[in-house]
Amino acid sequence: MEAIDDLDLQLGMLREYYYSGKTRDASWRRSQLKGILSLLKEREDELFRALHQDLGKHPVEAYRDEIGCLIKSVNYALDCLSQWMSGRKAKLPRAALLTSAEIIPEPLGLVLIISSWNFPFGLSLEPLIGALAAGNVAVLKPSESAPASSSLLANLIPVYLDNKAVNVVEGGPDVGQQLLHKKWDKIFFTGSTKIGRAVMAAASENLTPVTLELGGKCPAVIDSLTRSLDREVELMKGMMKKMFGENPKESGSIARIVNKRHLQRLKSLLDDPLVKASIVHGGSMDEDSLYIEPTILLDPPTKAAIMVDEIFGPLLPIITLNKIEDSINFINSRPKPLAIYGFTNNESLKTRMISQTSSGSLTFNDAVIQYAADTLPFGGIGESGMGKYHGKFSFDTFSHQKAVLRRSFLIDFWFRFPPWNDYKLQLFRAMYGFNYLLLLLITLGLKRSK
């Protein structure tokens, strides 16, 4: 989409193309998924360069977190598309004679996808995979905070996808506001809780359904009864040295902060004197190169901004508790997180964490790995978001499950209509109780109403 000035015209053309029925064809859906696959494979080097330019990501990290993950997702969607598109029979009660029912997934129509800067390709194309697999037309607005990635998407998507069905809009908050106040059949937003509230408010104008992928804090519970806290911290320091060397800044393996505004935001988190006093490792930064050293903080004030706001940077606060079980109360005293990670072999603690905490996901003895599982839903709860995606969950997010019921003219339940009497009431009682013998006896006059 070249200019926001002709937005209404462009959206009208997208809707017209959707109403043509072209996007409902399985062959069209497959062609779009294959287009995304070709984009990822043929333009890999350009994708790597954009991610390095925006975030300083090493190509291996870029492939692990975004390119490879997306290739996996597209292949999974291609393998499962026929199954996802198929209607499924719905079971009806025996009284529904000469009647059948099924549930058929149908596309929603015109959808808006607003993505975030931290995974500029993954958070743009992952929901787009679901939207196109479900047969929708879409407008994608990448984050202006990752300009190289945004520009590359705007240039490549028209080459690889049907530009009558998929448009990319670039721009800042003003453009986002213009988009939000248009009529959509679905808005899929990834970003902060603050902006998520604004998205939901704007969507309410047209009663537009929303999926909000918001994030927030993702606590990791580490059961370290077998090691002292000092030993645990030393192990963390050693692992960081193993990954990034003596000088992480020059290692080439650690990403940069996305821009100066976000670096200043992170710097302000550390400038709190009580927070600064809690630093036990790292804390240095180079504003010119947008670099912050991996930093460990031990028991910063729990009401400090670093313990309240989403961090999005290499700052790791550690909160010590007298009993590991106290972690449950600590987590429950705060907004429900997108994910909880539990590192423990204590099965009783695992059971309690499953039953006594609420989060978008819960992973034991690993971190983030659930994001790569196509068979698991990814999404938040409460202030960390609403809705879910990945794999079939993406397809379902962008689909309406339409109930279809087929009846024959050969039979009817005559007692559904007035005039009303006690006899018909008895028939209804028997039918809604699925008591077919009683229904038959009342119909034949062998059972009288009381």
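Taking 4.0 Å as the cut-off between side-chain N and carboxylate O, Lys267 and Asp271 count as a salt-bridged pair. Checked for salt-bridge contact, Asp185 and Arg15 meet the test: a charged N lies under 4.0 Å from a carboxylate O. A salt bridge is defined here as a Lys NZ or Arg NE, NH1 or NH2 lying under 4.0 Å from an Asp or Glu carboxylate O, and Arg49 with Glu46 fails to meet this definition. Between Lys164 and Glu16 there is no salt bridge, since no side-chain N of the basic residue sits under 4.0 Å from a carboxylate O of the acidic one. Between Lys350 and Glu347 there is a salt bridge, since a side-chain N of the basic residue sits under 4.0 Å from a carboxylate O of the acidic one.
Remark: Asn206 pairs with Lys183, Thr208 by the side-chain contact (heavy atoms from CB on, under 4.5 Å) rule, at least two apart or across chains. Applying the salt bridge (charged side-chain N to carboxylate O under 4.0 Å, His left out) test to Glu144 and every residue at least two apart in sequence or in another chain returns Lys141. Scored by the salt bridge (charged side-chain N to carboxylate O under 4.0 Å, His left out) test, Glu106 finds Lys402 as partners (sequence neighbours excluded). Remark: Asp230 engages Ser228 in a side-chain contact (heavy atoms from CB on, under 4.5 Å) (not counting sequence neighbours). Listed by chain and residue number, nothing satisfies the side-chain contact (heavy atoms from CB on, under 4.5 Å) test with Ala198 (two or more places apart in sequence, or in another chain). For Lys186, there are no salt bridge (charged side-chain N to carboxylate O under 4.0 Å, His left out) partners two or more places apart in sequence or in a different chain. In this structure, the side-chain contact (heavy atoms from CB on, under 4.5 Å) partners of Ser100, at least two apart in sequence or on a different chain, are Arg406.
Under the salt bridge (Lys or Arg N to Asp or Glu O under 4.0 Å) criterion, the residue pairs touching residues 374-398 are Lys72-Asp374, Arg197-Glu383, Lys392-Asp396, with sequence neighbours excluded. Within the structure, no pair that satisfies the salt bridge (Lys or Arg N to Asp or Glu O under 4.0 Å) test touches residues 292-315, not counting sequence neighbours. The ring-ring contact (aromatic ring centres under 6.0 Å, His included) pairs that include a residue from residues 353-375 are Tyr371-Phe378, Tyr371-His390, where partners are two or more places apart or lie in different chains. Applying the ring-ring contact (aromatic ring centres under 6.0 Å, His included) rule to pairs touching residues 262-310 yields Trp117-His262, sequence neighbours excluded. Among residue pairs with one or both ends in residues 172-191, those qualifying as ring-ring contact (aromatic ring centres under 6.0 Å, His included) are Phe188-Tyr389, Phe188-Phe398; sequence neighbours excluded.
For Ser124 and Ser115, the side-chain atoms include at least one donor-acceptor pair closer than 3.5 Å.
Here the side chain of Ser143 pairs no donor or acceptor atom with the backbone of Ser116 at under 3.5 angstrom.
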